[in-house]
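What follows is a single structure, written as structure tokens, with notes after it.
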Amino acid sequence: MSARVRTVVVTPAVVRAGLLGGVASASGIALTATSGWLIVRAAQMPQILSLLVAIVAVRTFGMARPVFRYWERLVSHDAALADLADRRARLYADLVPLTPARLGRRGRADLLTGVVDDLTEVTEASARVTVPVLAAGVAGGLATILTAWLHPVSGLVLLAMLLAAALVVLLSVRLESAAQDDLGAARAEVSRVAALVADHAGELQAVGGTETAMSWVEDAHARVRAATSRQARGRALCAALVLVVTGAATLTAAWVSSRSGLPDPVRALLVLTPVATGEVIGVLTDATRAYARARASARRLEGLLAQDPAVVDGGGAAFEIDDVPTVTTRDLTASWTGARPHLGPLDLDLAPGDHVHVSGPNGSGKSTLLAVLARHLDPTGGTLAADGTDLTGVPLADGRALRTLVDDEPHVFASTLRENLRLAAPIDGEGSDPDDATLVRALRRAGLGAWFDGLADGLDTRLGATGRSVSGGERARLAIARALLSHRPLVLLDEPVAHLDTPTGAAVLQDLLESAEGRTVVMVSHHDVGTDGFDRSVVLSPPKEP
């Protein structure tokens, strides 16, 4: 996906849905108008045979409206879901080069939720905006043509009504867009302040700042209320204007038809047509709300995707290894922002099977080093090589295939234990996934044998929010099992036991080092829990300013 995120997508499927919606709306207009003709004509007590055509027409339009509406919903939602699936895959692919350097300080879950919600708003615009607008245009056009055929002046009245409604819709778009920006900023401030207060509740109580902090939260919510009220007032104004336009058109149609000399049933049809058309254009105020939300979401996505990637695909010849490589850095420097160095210069040699513990004060570049080794961040200077090959000059996928990363918050997917493990395991040469025995062996090597034996459903046990809860130690060991299943030669650990007690953390690391025999392991940590099993320690110093 490019940095330009399209809000309005017009595809053949969307056009078909708009036409079907137009037929459904036109059927509703025809139902109202024909019913008016039938009622007035029946009051004149003619022969019943003269009413049969109108009676059949009323029944036809009454059945056609829900049928075509249902058909339109099937087509429009199918198109929107297909577009969402395609865009989501491309969006995730575009996010990979931005990870993690360009994704800000938001948590992964918050970031992913925001991106998913924004993309959903954008893709749903085809069903919530494009289709209703097309449908209203088709239905309004058909109604105008029919009215003008019966009485040209009444047709001009209906046309003027549609033009006035278009101006109201444009006003609604402007009001909704202005309010949507303010509302989005206010809601973001609520989230920021709430997270700040919740994360530092203990410190705020200790210094007596709870009351002040709560005033921040109240002020943020007051901004949301003000923005919501302003948006609601604009929406109510536009909805009222649609009613005013409909009423004015109806009264005008009644006045001009009374002087037309047409039969009373036809005059009733001409008067009721603007009323029915007003119901069709009334839904456009909801469409403008969806359009404003989609535009705001598109701007947020564009701002995220327009950033320069933190790592560039080398695009060279394919890089393959048959064994654990020797990884070296020479005068390596790196920066997250480009404004100042965050690592180095650093010379580091990682021989096959080395187990290295990296420590140092805050800001010395420990996490930056792991990001460079993981090919999440390009060096700003020096070299990064594997068996003498510069990794910045090989395809990005090949460089990343060398390593597996275990951080301090490994994610557990809301799925089965089997699926949580299979995602890390490479597919064999015949395109087959690893068998269950391989998955269980990895669990036992990671120290989860007893835990697994206690699961009644075994590998079919559901984990995460929809299933069995997983403790911090179990989560860390599950991440280790994934690392073992990946068969990648370089294992990178970013504070893997930071949230565990000392005995549990030491046991987890011991199991990892024993299971990773022959692989190169690099762990960054602020403390020395479980470091006895490492071959050596490297202490980083704060980077030197240029």
For W336, is there any backbone N or O sitting under 3.5 Å from a side-chain donor or acceptor partner on H342?
yes
Mind listing the closest non-hydrogen atom pair of L402 and P325 along with its distance?
CD2-CG, 4.4 Å
Answer whether the closest heavy-atom distance between the side chains of E495 and M523 falls below 4.5 Å.
no
D387-T389 side chain donor-acceptor pair, cut-off 3.5 Å
no
How long is the straight-line distance from CG of L350 back to CG of L373, given to the nearest 0.5 Å?
6.5 Å
Kindly give the heavy-atom pair with the smallest separation between P352 and V324, and that separation in Å.
CG-O, 3.4 Å
Ignoring hydrogens and angles, tell me if any N or O in the side chain of T329 forms a donor-acceptor pair with the backbone of L348 under 3.5 Å.
yes
List the steps and the verdict of salt bridge (charged side-chain N to carboxylate O under 4.0 Å, His left out) for R477 and E474.
CA-CA 5 Å; R477 292 179 185 275; E474 293 164 352; over 6 Å; no
If only atom types and distance count, is the side chain of T416 paired as donor or acceptor with the main-chain N or O of T461 below 3.5 Å?
no
Going by side chain to side chain contact (heavy atoms under 4.5 Å, CB included), V372 matches just one of L346, L384, L391. Which one?
L384
T120 side chain to D117 side chain, donor-acceptor N/O pair below 3.5 angstrom:
no
For the pair R462 and D457, find out whether any cationic side-chain nitrogen is under 4.0 Å from an anionic carboxylate oxygen.
no
Counting N and O atoms only, with roles assigned by atom type, does the side chain of R519 sit under 3.5 Å from a partner on the main chain of L484, one being a donor and the other an acceptor?
yes
Of all the heavy-atom pairs spanning A401 and P489, show the shortest one and how long it is.
O-CD, 4.3 Å
Rounded to the nearest 0.5 Å, what separation is found between the CG atom of D494 and the CG atom of D407?
6.5 Å
Does T404 reach the main-chain N or O of R488 with its side chain, forming a donor-acceptor pair under 3.5 Å?
no
So which atom in L332 and which in P379 form the shortest heavy-atom distance, rounded to 0.1 Å?
CD1-CB, 3.5 Å
Distance (rounded to the nearest 0.5 Å) between S486 OG and R403 CZ
9.5 Å
Determine whether V10 and V15 make a side-chain contact, defined as any pair of heavy atoms from C-beta on separated by less than 4.5 Å.
yes
Can you give me the closest heavy-atom contact between L417 and G458, atom names plus distance?
CD2-O, 4.0 Å
Separation between CG of L459 and CG of D436, rounded to the nearest 0.5 Å
5.0 Å
Looking at side-chain heavy atoms only, is the closest gap between V406 and L492 below 4.5 Å?
no
Can L301 and V122 be said to form a side chain to side chain contact (heavy atoms under 4.5 Å, CB included), step by step?
CA-CA 10 Å; L301 291 175; V122 171; 4.3 Å; yes
Checking L396 against V311 for the side chain to side chain contact (heavy atoms under 4.5 Å, CB included) test, could you report, in this order, the C-alpha distance in whole Å, the side-chain angles of both residues, the deciding distance, and whether it holds?
CA-CA 8 Å; L396 186 58; V311 59; 3.6 Å; yes
Short side-chain donor-acceptor distance under 3.5 Å, S335 and T380
no
Set out, in order, the CA-CA distance, both residues' side-chain angles and the distance that settles side chain to side chain contact (heavy atoms under 4.5 Å, CB included) for V358 and L540, then state yes or no.
CA-CA 7 Å; V358 180; L540 299 183; 3.7 Å; yes
Can you tell me how far NZ of K366 sits from OG of S364, rounded to the nearest 0.5 angstrom?
4.0 Å
With rounding to the nearest 0.5 angstrom, report the CG to CG distance, L509 to L493.
7.0 Å
Does a sphere of radius 6.0 Å around CZ in R330 hold more than 12 heavy atoms from other residues, nucleotides or ligands, not counting ones at 6.0 Å or beyond?
yes
N/O donor-acceptor pair under 3.5 Å between D219 side chain and W216 backbone:
no
If only atom types and distance count, is the side chain of N420 paired as donor or acceptor with the main-chain N or O of V412 below 3.5 Å?
no
Please state whether the rings of F534 and H357 are parallel, tilted or perpendicular, taking 30° and 60° as the class boundaries.
tilted
Donor-acceptor check, side chain of Q307 to backbone of L304, threshold 3.5 angstrom: yes or no?
yes
Validation row: L84, L119 side chains within 4.5 angstrom (heavy atoms):
yes
After noting the C-alpha distance and the side-chain angles of R422 and D435, does the key distance pass the salt bridge (charged side-chain N to carboxylate O under 4.0 Å, His left out) rule?
CA-CA 9 Å; R422 285 179 57 224; D435 56 26; over 6 Å; no
Worked check of side chain to side chain contact (heavy atoms under 4.5 Å, CB included) between T520 and V327
CA-CA 9 Å; T520 303; V327 178; over 6 Å; no
Please tell me if the side chains of L455 and R468 come closer than 4.5 Å, counting only heavy atoms from C-beta onward.
yes
Please check if any side-chain donor atom of E218 sits under 3.5 Å from a side-chain acceptor atom of S215, or the reverse.
no
Given E176, which of R293, R235, R295 fulfils the side chain to side chain donor-acceptor pair (under 3.5 Å) condition?
R235
Salt bridge D86-R90, side-chain N to carboxylate O under 4.0 Å:
yes
Please examine the side chains of F452 and R444, heavy atoms only from C-beta on, and report whether any two atoms are closer than 4.5 Å.
yes
So which atom in V75 and which in A13 form the shortest heavy-atom distance, rounded to 0.1 Å?
CG1-O, 3.4 Å
Side chains of T333 and P341 in contact at under 4.5 Å (non-hydrogen atoms)
no
Under a 3.5 Å distance rule, please check whether R128 uses its side chain to pair with a backbone N or O of A287 as donor and acceptor.
no
Give a yes-or-no answer on whether the side chains of T228 and R225 include a donor-acceptor pair shorter than 3.5 Å.
no
Kindly say whether D331 contributes a backbone atom to a donor-acceptor pair with the side chain of D347 at under 3.5 angstrom?
yes
Taking the side chain as every heavy atom from C-beta outward, state whether V224 and E189 have any pair of such atoms under 4.5 Å apart.
no
